[in-house]
Every structure is written in C-alpha cells, then in structure tokens.
**Q** 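Dropping a structure here in structure tokens format, bear with me for questions.
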Protein chains: 2
Amino acid sequence: MKLDARKQKVLEAIVIDYIATAEPVGSRTIARKYNLGVSPATIRNEMADLEEMGLIEQPHTSAGRIPSDTGYRYYVDCLMKRAIIAEEVQALIERAFQTKIKQLEDLIQIVGKVLSQITNYTALVLAPQIGKSTLQLIQLMLIEPGKALVVIVTDSGRIENKVLEIPENLTKEDLELVSKILNDKFKGISLNEWKQIMLRDLYSQLITQKKVLTLILELIDTILTVDNEDKVYLGGTLNILNQPEFKDVTKVRNLFELLEKEDVLRELLKDNSGDEVTVRIGTENKYEVMQDCSIITATYRLNGEVIGTIGVLGPTRMHYSKAVSIVEYLTQVLSLSIKKL
Amino acid sequence: MKLDARKQKVLEAIVIDYIATAEPVGSRTIARKYNLGVSPATIRNEMADLEEMGLIEQPHTSAGRIPSDTGYRYYVDCLMKRAIIAEEVQALIERAFQTKIKQLEDLIQIVGKVLSQITNYTALVLAPQIGKSTLQLIQLMLIEPGKALVVIVTDSGRIENKVLEIPENLTKEDLELVSKILNDKFKGISLNEWKQIMLRDLYSQLITQKKVLTLILELIDTILTVDNEDKVYLGGTLNILNQPEFKDVTKVRNLFELLEKEDVLRELLKDNSGDEVTVRIGTENKYEVMQDCSIITATYRLNGEVIGTIGVLGPTRMHYSKAVSIVEYLTQVLSLSIKKL
DNA sequence: ATTTAGCACTCAATTGGGGAGAGTGCTAAC
DNA sequence: GTTAGCACTCTCCCCAATTGAGTGCTAAAT
C-alpha cells in the first residue's frame with residue numbers, strides 16, 4: 001500500500017491524536033493541532049480516501065475518524081519512529097537493576113514490574129525454559145522415609161524444587177549417592193539432553209544399584225514433563241483498568257479470565273515471530289476477548305541464544321512508539337543482567 | 001439491643017431477600033414472600049421502628065429498605081443459623097483433597113481454589129508462619145564459589161529456598177558440615193527458638209570452625225527476618241466482578257489495588273479475634289475501599305495450636321450463613337489434612 | 001487541477017418533561 | 001394492635017426537542 005506524503009501525515013495525525021485522547025479525530029482538529037498547511041476541507045478529502053483504503057473508520061456518520069487495525073499496522077510498520085527513552089526512565093531502569101539479584105526469579109519480577117510501571121500497560125515476562133538451560137546443581141534429600149526433596153539449580157539461575165515419592169527403603173545415603181552421580185554426569189548439560197544420555201549411559205552405571213534406578217527414572221520424568229513449562233510473570237494487570245475502553249466490567253472480566261490462564265500467556269509470548277520486536281494488533285490476536293488489545297513482544301538472549309520473551313499488553317489504542325522502544329531496551333538490559341548472573 | 005419476635009422476622013426477611021436480589025425490599029414483598037401473617041401496613045410500622053434503631057435504611061424515600069451494617073451484624077450474631085452444606089459440595093471438597101498433596105503449598109492452593117469456587121467469593125488463605133513450625137530438614141549447597149543455596153523443610157510441609165552470599169573460601173564440605181550440625185541441633189525445634197539456642201549452644205561448638213560461624217549467623221538472620229512473613233494465597237478475585245455492587249470500574253480498581261498488597265491481606269486475615277469464625281462487616285473494616293465488603297475468617301490448627309487462617313471476602317450483601325458454614329467446615333478439613341502431611 | 005469556503009445533512013449526546021410504578025407515611029376505621 | 005385507604009415522593013424509563021460535532025458535496029477561488 002502506497003500513500004503520498006500528505007496522506008501519511010494525516011494518518012499519522014489521526015493515530016497519534018486518537019492514542020492521546022481516545023476520541024475520534026475530526027478534520028478541524030487535525031488542521032488546528034498538526035499544522036499541515038491545508039484547510040479542514042482538504043483533510044476531509046484525504047480522510048475519505050484513507051477510509052476507502054480501510055486505514056481509518058468512522059464510529060458513526062457524524063463522528064471523527066479512528067484508526068482501523070490495518071491503520072495501526074501501517075503506522076507501526078511505516079510511520080512510527082522509535083521514541084527516545086527519557087533520561088529519567090533510563091535512570092529508573094538502571095536503579096531497578098541495581099538491587100541485589102540473586103535468583104533468576106528476582107530478575108524476572110523486576111523486569112515485569114519496571115516494564116508495567118513505565119509503560120502503564122500490563123507486562124508479561126516469560127522466564128527461560130528450564131529444559132534449555134544447563135544443570136548447575138542437583139541435590140536429592142530425604143525428608144522422611146518414602147519422601148524425598150529434589151532441588152535443581154540451572155545456569156540461568158533458576159531454582160526448582162519438587163517433592164518426590166520414593167521407595168520406603170531408600171536411605172539418605174542412597175540419595176546422596178544418586179545426587180553425586182547425577183551431578184557428575186549432567187553438570188553443564190542441558191536438561192533436554194538428559195533423556196538420551198540417561199538411557200545410554202547411566203543405565204550401565206546404575207544397574208548395580210537397581211533400587212535407585214526406578215527413582216531416577218521417575219525423577220527425570222517429573223522434572224522434564226511437569227516442570228518443563230516456563231514460568232510466566234504477569235504484572236500491572238490493573239493498568240488495564242485505566243483505559244477508557246475497559247470501563248465495562250464484563251469486558252474486564254473476560255480479559256482477566258484469559259490472563260489467569262498461564263498457558264494462554266505462554267502462548268501469547270511464544271508466537272513471537274523471531275528476531276525483531278513483534279507487534280500484534282487487535283484482530284491479529286487469536287483470542288476474541290483480546291481483539292481490542294495489542295501485544296508487543298521481544299526476546300532476550302543468553303550467549304546468543306533466545307531464552308525468553310518479554311512483552312506488554314495494552315489497548316489497540318496503545319502508545320506504540322514508546323512501548324516498542326521500552327520493550328526493546330529492556331530486552332537488552334535483561335540479556336546483559338542474565339549474563340552477569 | 002432487644003427485638004421482639006416479629007421485628008426479628010422482618011429484619012431477617014429483609015436481610016435474606018436483599019442478599020438474594022440486591023434490590024431494596026418493600027413491605028409488600030415481605031408480606032407476600034415471607035408469610036408472617038400480617039399485612040404490609042403492619043410490616044411498614046415495624047420497618048419504621050427498625051429504621052429508627054439503625055438496623056435498616058432507605059436508599060431514598062420511595063424505595064424499600066436495605067440492611068445497614070449494624071443490621072447485618074444483628075443478623076449474623078442473633079438470627080443467622082449455619083447453613084447445611086449440601087452433599088455434593090461436601091463431595092466436591094473431599095474430591096479436591098484427594099488429589100496428591102505433597103507440599104504445604106499444594107494444600108494451600110487447593111483450599112483457596114475450593115473455597116472461592118464454592119462460595120463464589122474471593123478466597124484468602126494464610127499459610128502457617130514458618131517461625132512457628134519446626135525444622136524437619138535444612139541443607140546448604142554450594143552453587144558456585146561465594147554463592148550457596150539453602151533449603152528448609154518444616155514439619156508443616158513448607159519448603160523454602162534462598163540463595164546466600166557466602167565467603168568465597170567456603171567449600172562444599174564446609175557447607176555439608178554446617179548442614180549436618182544444623183540438622184542435628186535443630187531438628188524438631190521451632191524456627192523462632194533458633195536464635196536463643198544458637199547463641200548459647202552453637203557458638204561453643206562452632207568456634208572451632210570460625211569461618212563458618214559468620215555464615216550461620218547470616219543464614220539464621222536471613223531465614224528469620226526476610227522469610228518469616230507468611231505466604232498468602234488469594235484466589236477467585238474475579239468473583240468480585242460478579243457482584244452488582246462492583247459494576248463500577250474505579251471501585252473494582254481500588255479494591256484490587258488493595259488486594260495486591262500482600263501485607264494488607266496478611267493483616268486482614270490476622271486480626272481474627274480468636275477461636276471462633278470471625279465476621280467483619282462493611283465499615284467494621286479499617287480500609288476505606290473495603291467498606292462495602294465483608295470478610296469471614298477462621299483459623300486452622302496443627303496439634304491444637306493455631307497455625308493459619310482462611311477467609312472469604314465478598315460484598316456486605318454476602319450470603320453469610322452459607323459462607324460461614326463453608327469457611328468453618330474447610331478449616332476442619334484443612335487441619336486434618338495438614339496433620340496427615 | 002487543487003484547494004477552499006459554504007452549506008445542508010446526519011447522528012450521538014444531552015436535556016427536559018410526563019407518565020408509570022414502587023413504596024412509603026399517615027389517618028381513620030376495624 | 002392491626003389494617004385498609006389514600007395522598008405523596010421518588011426513581012426509572014420513554015419520548016421529543018435541541019445542541020453540537022463532524023461530514024460530504026458543490027461551487028468558487030487559486
């Protein structure tokens with residue numbers, strides 16, 4: 001879709017003004033506020049064209065125009081410039097990352113909090129997949145006969161613990177032995193690779209201690225299946241209530257219900273199309289209750305490999321340039337911080 | 001406050017009807033639905049008296065009456081009978097508790113979920129104070145030089161982990177030694193008692209290994225100060241949106257903001273006046289945004305000692321008899337389940 | 001060939017009655 | 001003490017009229 005310079009300016013004005021005011025934008029307003037050097041009548045003509053192209057629409061005949069989803073799309077793809085992040089915002093972020101961060105979870109939380117706070121939208125953070133990260137420490141402990149606690153620490157700083165049922169006759173010493181073997185064998189290896197290695201290699205070594213073999217099998221299974229789901233952090237949910245488009249409680253309700261489902265959040269964050277910041281606008285979202293929301297996502301990395309995603313969720317009438325800038329910036333800061341961890 | 005039998009009946013009718021319909025109750029309605037054997041006119045006279053006593057009020061001149069907070073209070077204290085818990089509800093609860101529960105956290109979550117689901121209000125659960133429960137297992141592990149992981153398991157099934165900074169020169173063996181000493185010394189002793197014992201007893205034993213002493217001091221401090229706050233589970237928050245009194249978004253917003261603060265929740269649950277089920281109605285709550293909410297709380301126990309609280313939060317126009325019954329019932333089930341754990 | 005001024009037109013939002021309905025309080029009779 | 005009757009007071013809802021913002025079209029101006 002090609003637009004001449006003036007049409008672009010008009011579209012941009014409509015998008016920007018509507019984002020700011022949440023009111024349909026009329027030709028007069030544009031002429032007054034965004035000096036394009038032409039009269040309202042001219043702008044009206046341009047607007048009629050833009051509407052025909054499907055970039056803007058009219059809520060009703062005697063109202064101004066609002067951007068359609070494709071209008072926002074055009075704006076985001078072609079017109080929008082990255083907003084410059086204000087000094088004080090950068091300072092705020094820096095300060096937030098200077099608090100003591102010992103675990104991955106702390107980091108995730110901080111990012112989420114900062115992101116929602118700065119953007120005034122809802123923040124989503126997807127923590128690194130445990131399967132991808134490598135093992136740093138695994139330890140089995142006996143809580144009481146028949147019950148063991150397993151703790152796993154990964155290189156990305158994630159800590160997981162889980163209670164396991166074990167055969168009653170296993171002793172503390174057995175568990176320590178198993179811990180030792182697992183540590184020796186698997187340190188530095190990604191959890192996803194375990195299964196293969198385990199079957200090939202471990203079996204021979206452990207056949208001597210048959211009774212612990214079953215335990216290990218169950219253990220690995222537990223870790224890899226149940227807890228291989230990524231943690232999602234959700235923050236600033238209440239920011240949604242600031243938006244005039246959500247003054248209707250049932251709408252809020254529907255959206256909140258969706259956001260309560262972790263797997264939905266995971267999915268939202270995961271279909272990030274790749275390298276770049278991804279923006280998903282209105283009806284581009286597959287969930288119906290989210291069709292007047294937009295999501296901006298971007299990935300962060302460890303050693304060059306993508307390990308997680310962060311994003312913000314706001315109304316379609318979202319401050320895209322600002323939000324995109326901040327999301328992008330925070331992935332960088334986050335990538336760096338994880339490396340330090 | 002003394003009320004004759006008929007006034008009681010009228011008040012009860014108003015409360016029950018208003019709870020069910022959320023509409024002011026008129027004299028005709030009462031005469032028709034709750035056959036007191038008298039005409040609307042008589043009921044009107046009674047209602048005038050009740051209003052003078054402050055038990056009911058009129059939203060405006062030509063409307064029916066609604067209970068005032070003191071009206072609800074009278075109802076709860078004097079008129080209300082425990083609702084009988086339906087068979088299918090009991091069955092539902094039983095089924096919920098039959099899922100495998102390995103950790104305290106699982107249990108807390110299940111209770112919260114069940115409670116909010118059954119009552120259709122918001123559920124609050126306060127997990128046992130870690131300081132009160134006794135130590136079952138403590139283990140220190142070296143993650144990397146200068147960084148250790150400490151895991152604590154208490155008798156109530158609670159599991160806590162925490163990353164500690166330690167002197168660089170401490171080895172894996174040092175940590176194991178410390179773990180062993182701590183386990184031997186403290187097993188079965190409540191965490192609150194640690195500090196005293198530690199100073200008196202441990203010091204002499206550890207003076208030989210000076211370098212670990214500092215560690216332990218820090219460790220104990222960390223555990224007792226930072227993590228001594230109780231975990232609070234909050235569930236069914238969205239149920240609030242079902243209530244017609246919360247069709248206004250700003251009201252919702254205010255309440256939700258309050259509920260996001262863990263310490264507020266903790267406080268709400270903690271000022272439970274003692275043994276009995278406690279009901280706090282409307283303005284009896286100290287937070288302004290909660291002045292058209294009521295909270296019902298009750299405590300649960302382990303070995304006769306109170307270790308936590310559960311509660312539901314709903315509108316003042318709450319189904320008290322049902323809610324009280326269920327809260328009470330669930331504390332019993334919960335106490336039992338914890339014992340098993 | 002654009003651009004602009006002017007004007008008629010449309011539609012949502014607001015305003016202001018005018019019942020209808022629900023419920024009350026009071027009075028007088030039972 | 002209870003009840004029937006009745007006037008009175010509100011809210012709620014519907015309807016019509018008005019207002020105001022904004023448009024589209026046409027004809028004139030550049």
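We name chains A, B, ... by the order of the sequence lines, and we start the count at 1 in each one. Side-chain atoms are counted along with the backbone in the values below, which use heavy atoms only and exclude waters and symmetry mates.
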**Q** Separation of B/I66 atom CD1 from C/dT24 atom P, in whole Å?
**A**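 Taking atom P of C/dT24 as the reference, CD1 of B/I66 is at 13 Å.
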
**Q** Quick check on DNA chain D: between A/R28 and B/G37, whose nearest nucleotide comes earlier from the 5' end?
**A**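 Checking each residue's closest nucleotide, the 5'-ward one belongs to B/G37.
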
**Q** For B/Q58 and B/T61, indicate whether the former's side chain and the latter's backbone hold a donor-acceptor pair under 3.5 Å.
**A**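 Yes: the side chain of B/Q58 pairs with the backbone of B/T61.
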
**Q** Kindly determine whether A/E57 and A/R65 satisfy salt bridge (charged side-chain N to carboxylate O under 4.0 Å, His left out), including the steps that lead there.
**A** CA-CA 5 Å; A/E57 45 199 33; A/R65 305 303 213 290; over 6 Å; no

**Q** Looking at the side chain of B/T42, which of D/dT2, C/dT3, D/dT23 is the nearest nucleotide?
**A**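 Closest nucleotide among those given: D/dT2.
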
**Q** Calculate the interatomic distance between A/R6 atom CZ and C/dT4 atom P; express it in whole Å.
**A**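 Atom CZ in A/R6 sits about 8 Å away from atom P in C/dT4.
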
**Q** Which nucleotide sits closest to the side chain of A/A41: D/dG22, D/dT23, C/dT4?
**A**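 It is C/dT4.
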
**Q** Tell me: OH of B/Y18 to P of C/dG23, nearest whole Å?
**A**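 Nearest whole value for this atom pair: 14 Å.
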
**Q** Apply salt bridge (charged side-chain N to carboxylate O under 4.0 Å, His left out) to B/R317 and B/D292, showing your working.
**A** CA-CA 8 Å; B/R317 190 185 57 75; B/D292 37 35; over 6 Å; no

**Q** Does NZ in A/K7 sit with more than 12 non-hydrogen atoms of other residues, nucleotides or ligands closer than 6.0 Å?
**A**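 Counting other residues, nucleotides and ligands, NZ of A/K7 exceeds 12 neighbours.
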
**Q** In a check of side chain to side chain contact (heavy atoms under 4.5 Å, CB included) between A/I85 and each of A/Q90, A/K322, A/E328, which one passes?
**A**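 Per the side chain to side chain contact (heavy atoms under 4.5 Å, CB included) rule, the option paired with A/I85 is A/Q90, out of A/Q90, A/K322, A/E328.
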
**Q** For the pair made of CG in B/N45 and C1' in D/dT3, what is the distance, rounded to whole Å?
**A**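 Those two atoms, CG and C1', are 10 Å apart.
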
**Q** D/dG24 C1' sits how many Å from A/D49 CG, rounded?
**A**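 Interatomic distance, CG of A/D49 to C1' of D/dG24: 13 Å.
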
**Q** To the nearest angstrom, how far is B/R44 atom CZ from C/dA22 atom P?
**A**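 After rounding, the gap between these two atoms is 14 Å.
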
**Q** I'd like a table of atom pairs between the protein and nucleotides 10-17 of chain D - only N or O on both sides, under 3.5 Å - with the distance next to each one.
**A**
{"from": "D/dC10", "atom 1": "O5'", "to": "B/T61", "atom 2": "OG1", "distance (Å)": "3.1"}
{"from": "D/dC10", "atom 1": "O2", "to": "B/S62", "atom 2": "OG", "distance (Å)": "2.7"}

**Q** Expressed as a whole number of angstroms, how long is the span from A/E57:CD to C/dC11:P?
**A**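 Taking CD of A/E57 and P of C/dC11, I get 17 Å after rounding.
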
**Q** Could you verify whether a donor N or O on one side chain and an acceptor N or O on the other, from B/D69 and B/T283, lie under 3.5 Å apart?
**A**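 Note: B/D69 and B/T283 side chains meet the donor-acceptor criterion.
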
**Q** In whole angstrom, what separates B/R65's CZ from C/dT24's P?
**A**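 It works out to 6 Å between those atoms.
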
**Q** Tell me whether the count of non-hydrogen atoms from other residues, nucleotides or ligands lying under 6.0 Å of CZ in B/R28 goes above 12.
**A**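 Incorrect, the count does not exceed 12.
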
